[in-house]
Amino acid sequence: MSSNWFIYTKKADFKAIADKFGIDQVTARILRNRDIVSEKDIELFLHGGISDMNDPKLLPDIDKAAGLVKAAIQTKRKIRIVGDYDIDGVCSTAILLKALRQAGANVDARIPDRINDGYGINRRLVDEAVSDGVSLILTCDNGIAAVDELKLAKDNDITVVVTDHHNVRKDDNGNDILPPADAVVDVKREGSTYPAQEICGAVTAWKLIGQIYAALGMDESAWLRYIELAAIATIGDIMPLVGENRIIVKEGLKVLNGGVRPDGSGEYGCGNLGLRSLISALDLDGHELSAYHIGFMIGPCINAGGRLESADIALRLFTTEDKNEAMLLAGHLRELNEERKAMTETGVKEGIKAIEEGFLNDKILVVHIPGLHESLAGIVAGRLREAYGRPVIVVTDAKEGLKGSGRSIESYDMFEGLCKASELMTKFGGHKLAAGLSLNADKLDELRKKLNEDALLSDEDLIGKVWIDAAMPIAYINEKLINEIEALAPYGKDFEKPIFAAKDISFTDKRVLGKQKNVLKLRLQDTYGASIDAVMFGDAEKMSRELDGAKRLSILYYPKINEYAGRRSIQIELADIRIS
């Protein structure tokens, strides 16, 4: 009820595309709606593999970086990896640590503490590296903005190699401000000719390993054994699932699901003991893992360590070769994630109470939740944004003043809004849809007032938009089409799960299912007599009451195969319903 529905009207010769590639016209329309247009792009999307990935030599400084690391390995000089505490940083660090050990390097790793250190390499970590006799610092998923910190490293005669994927700061003339490193591998650098501008930190690090192995004369295909971690980081860091990223995720999921490894070894399945242990700890053995399982089950467990205790837990998990240790670490991460979920639910309830009692009419919701763990502010802000359809900033008590995270909607540039109120904060950063900030407690009300006064948001701007791939009668659905649509997975950023619409639908056999009463099941029928089972997830009792007395519906849906007790049947999953 809270979203406006729009249908894509992008033009193409869908019949010609369908005939050329042996697909349904609906499938052709889905590809066109996501701007996969040329025959080359369609072929790559449908049939692309490892050999179609981009040439790593196109990444800036990658050969220089590989040469520096190679020299350190061969002379047994001490290498220290400095990563980050989120899923991309942990996977990046694990890839580098395992791969460099495999190459015989004298290497260890450090990940900053989220609360005490904050993001990225800092002076404490540099001082520690100096004390420990480190010869080469290798950053991953950070470092591009660490100008002062890496100058300190260089002043102490430490070789520095940066691998990162974040935006590069610019000077007043628009030129890159690069850290004083010996090599800076970042796809966002000025002059980069790498075809994919959106790759995660783990893929950047993984590509460097490929070049290091080649420089050392090792089997170049050996770097492919780390594709699972590159795939998990790509999903977890919400990279676009098109082009090279799609290939990495598709091949990584194939390995996680027991398929043949792409490294030419002839082996099957995931080679990472810790990752296999985490999958088992989550009771996912035997399941067909998808981007959903990584994004909403595996990924949050990896992040939970860095949020509530230490990212070193996940790093140890991914680098251990001890089965008992792997099982213990995986179980601990699952427990931490359960604790994180409970803390999040409490934070969301407190946030809703604060909004309902004091700020319900604000278009920019700025909510103070005392006692909320500061690492959860962004998650709670995201949940509140979903609940209210408005930009939300959640702040909580920190060591000094208040610290917070914001999540926005498409019609509001949160970073731009914060820029207009910059004098009220001690620190802030971010982009259009997400931001972080710090401020003194006595500035909170002023910040809330300023953001709302400056926000040029209409009531229409606060209504969400849903884009429909096609108006498709339920009679058109068949198993072949469903299999084609499923084969387009993985779905994610820039390749969202398709959605279809149908109208003049009647229903019978309305039932509420599930222990939590979170499934509404209907039997639907259109005006041509076609019928199909449908399910909708959420507050099923509330949805059922809203449908009382309704005669005709318009629906948004996704078709799927339901397998139960050995039987297969076609059903649809409802995304939204309107009473006609």
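Side-chain atoms are counted along with the backbone in the values below, which use heavy atoms only and exclude waters and symmetry mates.
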Trainee: Relative to each other, are the rings of Tyr491 and Tyr558 parallel, tilted or perpendicular (30° and 60° limits)?
Mentor: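 Perpendicular, since the angle between the ring planes exceeds 60°.
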Trainee: Taking atom types as modelled, is there a side-chain donor on Lys207 or Tyr194 under 3.5 Å from an acceptor on the other?
Mentor: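 Short answer, yes.
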Trainee: Could you give me the CA-CA distance, side-chain angles and deciding distance for Lys510 and Ser544, then say whether side chain to side chain donor-acceptor pair (under 3.5 Å) is met?
Mentor: CA-CA 7 Å; Lys510 177 163 63 82; Ser544 179; 2.8 Å; yes
Trainee: Starting at CD of Glu541, measure out to CG of Leu520 and round the result to the nearest 0.5 Å.
Mentor: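 Rounded to the nearest 0.5 Å, the CD-CG separation comes out at 10.5 Å.
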Trainee: State plainly whether the residues Lys363 and Asp459 are in salt-bridge range, i.e. N to O under 4.0 Å.
Mentor: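 Looking at Asp459 together with Lys363, the answer is yes, because their closest N to O distance falls below 4.0 Å.
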Trainee: Under the criterion side chain to side chain contact (heavy atoms under 4.5 Å, CB included), I'd like the reasoning laid out for Met53 against Ile50: C-alpha separation, chi angles, the key distance, then a yes or no.
Mentor: CA-CA 6 Å; Met53 290 196 302; Ile50 292 294; 4.1 Å; yes
Trainee: Examine the side chains of Thr27 and Asp24 and answer whether a donor and an acceptor come within less than 3.5 Å of each other.
Mentor: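 There is no such pair (donor and acceptor under 3.5 Å, judged by atom type) between the side chains of Thr27 and Asp24.
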Trainee: Is the ring pair His293/His287 parallel, tilted or perpendicular, if the boundaries are 30 and 60 degrees?
Mentor: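 Aromatic pair His293/His287 classed perpendicular.
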Trainee: Output yes when Arg383 and Glu345 qualify as a salt bridge under the 4.0 Å nitrogen-oxygen rule, no when they do not.
Mentor: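 Yes, Arg383 and Glu345 are salt-bridged.
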Trainee: Tell me the closest heavy-atom pair linking Ala230 and Cys200, and the distance in Å.
Mentor: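 What the structure gives for the nearest pair is O-SG, 4.3 Å.
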Trainee: Report yes or no: does Asp84 contribute a side-chain atom to a donor-acceptor pair with the main-chain N or O of Gly89 at less than 3.5 Å?
Mentor: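 Answer holds: no.
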Trainee: Report yes if the side chains of Leu365 and Val394 come closer than 4.5 Å at any heavy-atom pair, otherwise no.
Mentor: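 Counting from C-beta outward, Leu365 and Val394 never come under 4.5 Å.
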Trainee: Would you check if the side chain of Arg34 reaches a backbone N or O of Ile30 as a donor-acceptor pair within less than 3.5 Å?
Mentor: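 Confirmed, Arg34 side chain pairs with Ile30 backbone.
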Trainee: Does the side chain of Asp41 come within less than 4.5 Å of Val242's, by heavy atoms?
Mentor: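 No, too far: nothing below the 4.5 Å cut-off.
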Trainee: Taking atom CD of Gln197 as the centre, report whether more than 12 heavy atoms of other residues, nucleotides or ligands fall under 6.0 Å from it.
Mentor: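 Yes, the 6.0 Å shell around CD holds more than 12 heavy atoms from other groups.
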Trainee: Hey, could you give me the CG/CD distance between Asn337 and Glu335, rounded to the nearest 0.5 Å?
Mentor: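 That separation rounds to 11.0 Å.
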Trainee: Tell me yes or no: between the side chains of Ser280 and Asp285, is some donor less than 3.5 Å from an acceptor?
Mentor: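 Short answer, yes.
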Trainee: Would you say the side chain of Ile352 lies within less than 4.5 Å of the side chain of Lys349, judging by non-hydrogen atoms?
Mentor: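 No. Closest side-chain heavy atoms not under 4.5 Å.
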Trainee: Under a 4.0 Å N-O cut-off, is there an ion pair linking Lys10 with Asp35?
Mentor: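 Here Lys10 pairs with Asp35 in a salt bridge, since their nearest N and O are under 4.0 Å apart.
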Trainee: Which pair of heavy atoms, one from Pro195 and one from Asn54, lies closest together, and at what distance?
Mentor: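 Reported closest heavy-atom pair: CG-OD1, 3.5 Å.
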Trainee: Between His165 and Ile199, which heavy-atom pair has the shortest distance, and what is it?
Mentor: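 In terms of heavy atoms, the two residues are closest at ND1-O, 3.0 Å.
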Trainee: Leu524 and Ser506: side chain to side chain contact (heavy atoms under 4.5 Å, CB included), yes or no, with the steps?
Mentor: CA-CA 6 Å; Leu524 304 182; Ser506 60; over 6 Å; no
Trainee: Hey, are Lys40 and Glu43 close enough for a salt bridge, meaning a charged N less than 4.0 Å from a carboxylate O?
Mentor: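 Glu43 and Lys40: not salt-bridged.
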Trainee: Could you check whether any side-chain N or O of Asp237 sits under 3.5 Å from a backbone N or O of Ala233, counting only pairs where one atom can act as donor and the other as acceptor?
Mentor: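 Checking the backbone N and O of Ala233 against the side chain of Asp237, no donor-acceptor pair under 3.5 Å is found.
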Trainee: Ignoring hydrogens and angles, tell me if any N or O in the side chain of Arg568 forms a donor-acceptor pair with the backbone of Glu563 under 3.5 Å.
Mentor: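 Absent.
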Trainee: Looking at Ala16, is its backbone amide N or carbonyl O close enough to the side chain of Asp19 to form a donor-acceptor pair, meaning the two atoms are under 3.5 Å apart?
Mentor: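 A pair under 3.5 Å: no.
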Trainee: Output yes when a side-chain donor or acceptor of Asp461 lies under 3.5 Å from a complementary backbone atom of Ser411, and no otherwise.
Mentor: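 Judged by distance alone, no pair lies under 3.5 Å.
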Trainee: If you measure from the Lys or Arg side-chain nitrogens to the Asp or Glu carboxylate oxygens, is any gap between Lys560 and Glu486 under 4.0 Å?
Mentor: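 Result for this pair is no, no salt bridge flagged.
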Trainee: With rounding to the nearest 0.5 angstrom, report the CZ to OH distance, Arg29 to Tyr8.
Mentor: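 Atom-to-atom, Arg29:CZ and Tyr8:OH are 12.5 Å apart.
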Trainee: Please report the shortest heavy-atom distance between Leu289 and Ile279, naming the atom on each side.
Mentor: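 Shortest heavy-atom separation between Leu289 and Ile279 comes out as CD1-CD1, 3.8 Å.
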Trainee: Hey, could you give me the CG/CD1 distance between Leu31 and Ile36, rounded to the nearest 0.5 Å?
Mentor: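 It is 5.0 Å, given to the nearest 0.5 Å.
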Trainee: Please determine if Asp509 and Arg511 form a salt bridge, counting it only when a charged side-chain N lies under 4.0 Å from a carboxylate O.
Mentor: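 Yes, charged N to carboxylate O under 4.0 Å.
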Trainee: Taking the basic N atoms (NZ, or NE/NH1/NH2) and the acidic carboxylate oxygens, is any pair closer than 4.0 Å for Lys188 and Asp186?
Mentor: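 Salt bridge flag = no for Asp186 with Lys188.
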Trainee: If only side-chain N and O atoms count, and only distance matters, is there a donor-acceptor pair under 3.5 Å linking Ser531 with Arg523?
Mentor: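 Note: Arg523 and Ser531 side chains meet the donor-acceptor criterion.
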Trainee: Step by step, work out the side chain to side chain contact (heavy atoms under 4.5 Å, CB included) result for Asp164 and Thr204.
Mentor: CA-CA 7 Å; Asp164 204 345; Thr204 307; over 6 Å; no
Trainee: Side chain of Asn33, backbone of Asp469: donor and acceptor closer than 3.5 Å?
Mentor: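 Here the side-chain-to-backbone pair exists.
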Trainee: With the side chain counted from C-beta on, respond yes when Leu308 and Met343 share a heavy-atom pair under 4.5 Å apart, and no when they do not.
Mentor: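 Touching, per the 4.5 Å side-chain cut-off.
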Trainee: Between Arg32 (side chain) and Lys11 (backbone), is there a donor-acceptor pair under 3.5 Å?
Mentor: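 Present.
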Trainee: Closer than 3.5 angstrom, by distance alone: can the side chain of Glu496 be matched with the main-chain N or O of Asp494 as a donor-acceptor pair?
Mentor: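 Yes, because the side chain of Glu496 sits within donor-acceptor range (under 3.5 Å) of the backbone of Asp494.
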Trainee: Does a side-chain heavy-atom distance below 4.5 Å link Cys301 with Leu282?
Mentor: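 They are in contact (side-chain heavy atoms under 4.5 Å apart), so the answer is yes.
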Trainee: Tell me, do Met543 and Met536 make a side-chain contact under 4.5 Å, heavy atoms counted?
Mentor: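 Yes, their side chains come closer than 4.5 Å.
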Trainee: Does the ring centre of Phe6 sit less than 6.0 Å away from the ring centre of Trp467?
Mentor: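 Centroid separation for Trp467 and Phe6: below 6.0 Å.
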Trainee: Could you report the tightest heavy-atom contact between Ile482 and Pro559, atom names first, then the distance?
Mentor: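 It is CG1-CB, 3.9 Å.
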Trainee: Can you tell me how far CH2 of Trp206 sits from CD1 of Ile95, rounded to the nearest 0.5 angstrom?
Mentor: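 Ile95 CD1 to Trp206 CH2: 8.0 Å, rounded to 0.5 Å.
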Trainee: Can you check whether Glu198's main-chain N or O pairs, donor with acceptor, with Asn245's side chain at less than 3.5 Å?
Mentor: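 Here the side-chain-to-backbone pair exists.
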Trainee: Determine whether Ile532 and Ile477 make a side-chain contact, defined as any pair of heavy atoms from C-beta on separated by less than 4.5 Å.
Mentor: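 Side-chain contact under 4.5 Å: yes.
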Trainee: Could you grab the distance from atom CG of Asn272 to atom CZ of Arg276, nearest 0.5 Å is fine?
Mentor: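 These two atoms lie 7.5 Å from each other.
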Trainee: Does OH in Tyr268 sit with more than 12 non-hydrogen atoms of other residues, nucleotides or ligands closer than 6.0 Å?
Mentor: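 Result for OH/Tyr268: open.
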Trainee: Would you mind checking if Glu228 and Arg261 are paired as a salt bridge, meaning a charged N to carboxylate O distance below 4.0 Å?
Mentor: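 Between Glu228 and Arg261 there is a salt bridge, with a charged N closer than 4.0 Å to a carboxylate O.
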Trainee: Run the side chain to side chain contact (heavy atoms under 4.5 Å, CB included) check on Phe500 and Ile555 step by step: do they pass?
Mentor: CA-CA 8 Å; Phe500 305 98; Ile555 61 173; over 6 Å; no
Trainee: Answer yes or no: is there a side-chain heavy-atom contact under 4.5 Å between Val466 and Asn4?
Mentor: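 No, side chains not in contact.
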Trainee: Counting only heavy atoms from other residues, nucleotides and ligands, does the tally under 6.0 Å from CD1 of Ile42 exceed 12?
Mentor: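 Yes, CD1 of Ile42 has more than 12 neighbouring heavy atoms, counting only those of other groups under 6.0 Å.
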Trainee: Please determine if Lys432 and Glu410 form a salt bridge, counting it only when a charged side-chain N lies under 4.0 Å from a carboxylate O.
Mentor: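 Salt bridge flag = yes for Glu410 with Lys432.
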Trainee: For the residue pair Arg246 and Phe45, would you count it as a cation-pi contact if the rule is NZ or CZ under 6.0 angstrom from the ring centre and within 45 degrees of the ring axis?
Mentor: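 Judged by the rule, Arg246 and Phe45 form a cation-pi pair.
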Trainee: Minimum heavy-atom separation for Asp263 and Ser221, please, with both atom names.
Mentor: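 Closest pair (atom of Asp263, atom of Ser221, distance): O-OG, 3.2 Å.
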